[in-house]
Structure formats: C-alpha cells, structure tokens
Amino acid sequence: MPRFLIVFTMQGKPMQIISICGEDDSSSSRCILQLNEDELNKMFTDGKIKDRVVSVISVAGAFRKGKSFLLDFCLRYMYAKYGHNNLSEKDWLGDENAPLEGFSWRGGSQRDTTGILIWSDIFLYDNPNGEKVAIILMDTQGTFDCDSTMKDCANVFALSTMISSVQIFNIQSNIQKDDLQHLQLFTEYARIAMEDTVKKPFQKLQFLIRDWIHKSEAPFGALGGKQLLEQTLIRKDKRPEENEQLCENLKTSFNEIDCYLMPQPGYGIEEPDFRGCLKDLRDEFKKHLRDFIPLILAPENLIIKEINGQKLKVDHLLKYIRLYFDAFNS
Ligand code: GDP
Ligand code: MG
C-alpha cells in the first residue's frame, strides 16, 4: 500500500511506473512500453493526495553517472524537511557512517531495466498561502551511450520531461555538443507526442554537471553553473556558432534553464566496499550536496507542474501519464 505519511525512518521503495523493453523479434527495432497502471492508480487516486497540486522532480541522463546516488541524498532531505522528524536542516545529510539507501545505485556494470521509477512515499507540503502540494521524486534509467538503444533513451527522457516540473539533466564533466543534440532530440520526441503548439511546453531544465574540474573557468555551485550556461547557451557572442540552433531550440522548449557545477565525490567511491557513507566523501562534495538539494527541493523553490498554464493536481497527472504513454505506444 502506498503511504503518504512520512515517518522517522525511510520506509518507501522505488516503484517502476514505466518499463521500456526492446522487442525480442529482431525484425523491428520497436520498443515496448509497459505502464504499471495498478500501482499508479493506487497511489494517485488516494483521497489524501489526489486533489493536491503536484511537483515532480526527475533526474535523467547517461547510465552510471550518479543519478540514483544523488536522488538518495534528495530522499534524506525530503524525509528531514517534510517528514516532521525534527531533524534540523543542518543535519539532514545524515549520519557519517550510514550506508546510502533508496533508489538502487551502483549495481556493477549490468544494465537495469530501462524505464521510469518513482519513490513510493509521496511527500506533502502545505504552503502557508493555502496551497496543498504533493512532491514526487522520479528516477530514470536509460543508457544514452549506444546507438541501438537511442530510441529507448529518447522515450525515457521525453516521457520523464513531459511528466516532471523539474528535469535535472545529469551530465559528466561538461556540457558537450552531444548533450545538447541529445536534449534536442528528446524534447522533439516529447513535443511530437504532446501534439502541442504551446511555445514553451516544459518548465525547468536543470543541468547538473558532475566532476567539474575547470575551477579556473567557473567556480563550483550555482554561480559557476550560471557562468557556464551563459557561455554555452545564452550569450550569443560567447557560445560556439555550431550550437546556435540547438540553443535556440532549447530555450523555446523550457521556461527556465539553470546549471549547477558539482565537485568530484573523492576517491572513496572507487573502493570496492564503498557503501555511500558520508565519511567516505570529500567535504567539498558534501558542502555542495547541502547547497544544491535545497535549491531544488526547499518549499520556496518547489515548482508546481503546469500544463498550458494550469496547475496540475495529482489525479490529473495520472490522466496525463496515461495520455502520454498511449501517444508513445501507438
Ligand atoms: P546512475 O546509473 O546514473 O543512476 O548511477 P548510480 O547512481 O548508480 O551511480 C553509479 C556510480 O557512480 C556509483 O558507483 C557511484 O558511487 C558513482 N558516483 C556517484 N556520484 C558520482 C559523482 O558525482 N562522480 C563520479 N565520478 N561518480 C559518482
Ligand atoms: Mg540509477
């Protein structure tokens, strides 16, 4: 059963809401999408949440680049902040010796099922202005790095962008032309599926650059991210000419685009017995987790999902997920 009350310890689990499998019959490259309708119904039509407006935070990007790892720290923030467990904001990051749990991370080189997962605990926030909000965290699994699965990736990215109000695009090292090309392809997929004429169909795109090393060019954090974004995407006189069209397309797809530069987590992550404990992470990395996560998840920064300018409630989100899903499967 889904739970909407959040208790002291983390009790939720990842739930695969959409799976994408390649068709075994090798004559076609069509992929099959499966929707976990029963679970979604149970969760999204519950009387405690169905009439709340919804904020959906998704993380997408290449395989094995720390997406689930980051989301598990987001979960710690969510339980501390919205779970009434009296943790001060200072110690939401948790115990130095606690293994990192939640969405499954690492898992060797084996590929997980491609698809979209949400955390089964949906977090609640009652805004002092009277608005009642439900917050959903979403993980995606795709590969991005192999041509034969490009369609799966596009599907995962497009669907998660359509469902979410914030899409965190997790990238290694720097924003490359490839990343922008992928983004363009994926958002094009989404636009076609939505048959939408709205100018900016999506809300926030948050680039998250992992293992940023060019500190002399731009400092870690949101400020450095802004500088990098200016250079690659915004300032016409600064960005490479070859990116021109890609950048213009992106800017017409998203309402808001931001970027954050994360430092490396340190060598501890390379140890065979690394279990995600804070004690094995560099202070600089922890400092930036403390800084970045509230920028997305603090009450004042939550973005409510909107479609055509209308704030979406949870039961309507369910309707849209079905619609989008059908558009992709037809
Ligand atoms: P996902 O496939 O993108 O969800 O990646 P995972 O979250 O499963 O993490 C894959 C591996 O990346 C794990 O071994 C993590 O320890 C490691 N990892 C997590 N965060 C970072 C990071 O910021 N930089 C680097 N280089 N590795 C990371
Ligand atoms: Mg993952």
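We number each residue from 1, following the sequence as shown. Remember, it's 1-based here, ligands and their atoms both numbered in the order they're listed.
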Exercise for the section: Would you check, one step at a time, whether the test side chain to side chain contact (heavy atoms under 4.5 Å, CB included) holds for Ile209 with Gln172? Expected result: CA-CA 6 Å; Ile209 315 297; Gln172 184 72 15; over 6 Å; no

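- A side-chain contact (heavy atoms from CB on, under 4.5 Å) with Phe207 is found for one member of Leu183, Asp179, Leu228 and no other, namely Leu183.
- Taking only nitrogen or oxygen atoms, main chain and side chain alike, Phe69 reaches within less than 3.5 Å of ligand 1.
- Between atom 9 (O) of ligand 1 and the options Ser173, Gly66, Gly268, the minimum heavy-atom separation is to Gly66.
- The Mg ion (ligand 2) has an N, O or S atom of Ser68 closer than 2.8 Å.
- Residue contacts with ligand 1: Met262 is excluded, as none of its non-hydrogen atoms falls under 4.0 Å.
- Polar contact with ligand 1: absent for Asp139 (N/O pair, distance under 3.5 Å).
- Ring to ring, Phe69 and Phe103 are not that close: their centroids are 6.0 angstrom or more apart.
- Where the criterion is an N or O separation shorter than 3.5 Å, residue side chain and backbone included, Asp211 meets it with respect to ligand 1.
- Using a 30° and 60° split on the angle between ring planes, Tyr82 and Phe123 fall in the tilted class, from 30° to 60°.
- Annotation: side chain of Ile18 is not in contact with side chain of Asn36 (no heavy-atom distance under 4.5 Å).
- Considering backbone and side-chain N/O of Arg210, one or more are found under 3.5 Å from N/O of ligand 1.
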Exercise for the section: Take Ile321 and Phe44 through the test side chain to side chain contact (heavy atoms under 4.5 Å, CB included) and record every step on the way to the result. Expected result: CA-CA 11 Å; Ile321 293 177; Phe44 286 15; 3.8 Å; yes

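- The shell of residues lying under 4.0 angstrom from ligand 1, judged by heavy atoms, includes Phe274.
- The closest approach between a heavy atom of Lys65 and any atom of ligand 1 is below 4.0 Å.
- In the vicinity of Ser68, heavy-atom distances shorter than 4.0 Å reach the ligand 1 atoms 4 (O), 7 (O).
- Residue contacts with ligand 1 include Ala62, since one of its heavy atoms falls under 4.0 Å from the ligand.
- For Arg282, the salt bridge (Lys or Arg N to Asp or Glu O under 4.0 Å) partners are Glu284, not counting sequence neighbours.
- Of the polar atoms of Asn170, none of the N or O atoms is found under 3.5 Å from an N or O of ligand 1, judged by distance alone.
- For Phe292 and Trp212, the gap between ring centers reaches or exceeds 6.0 Å.
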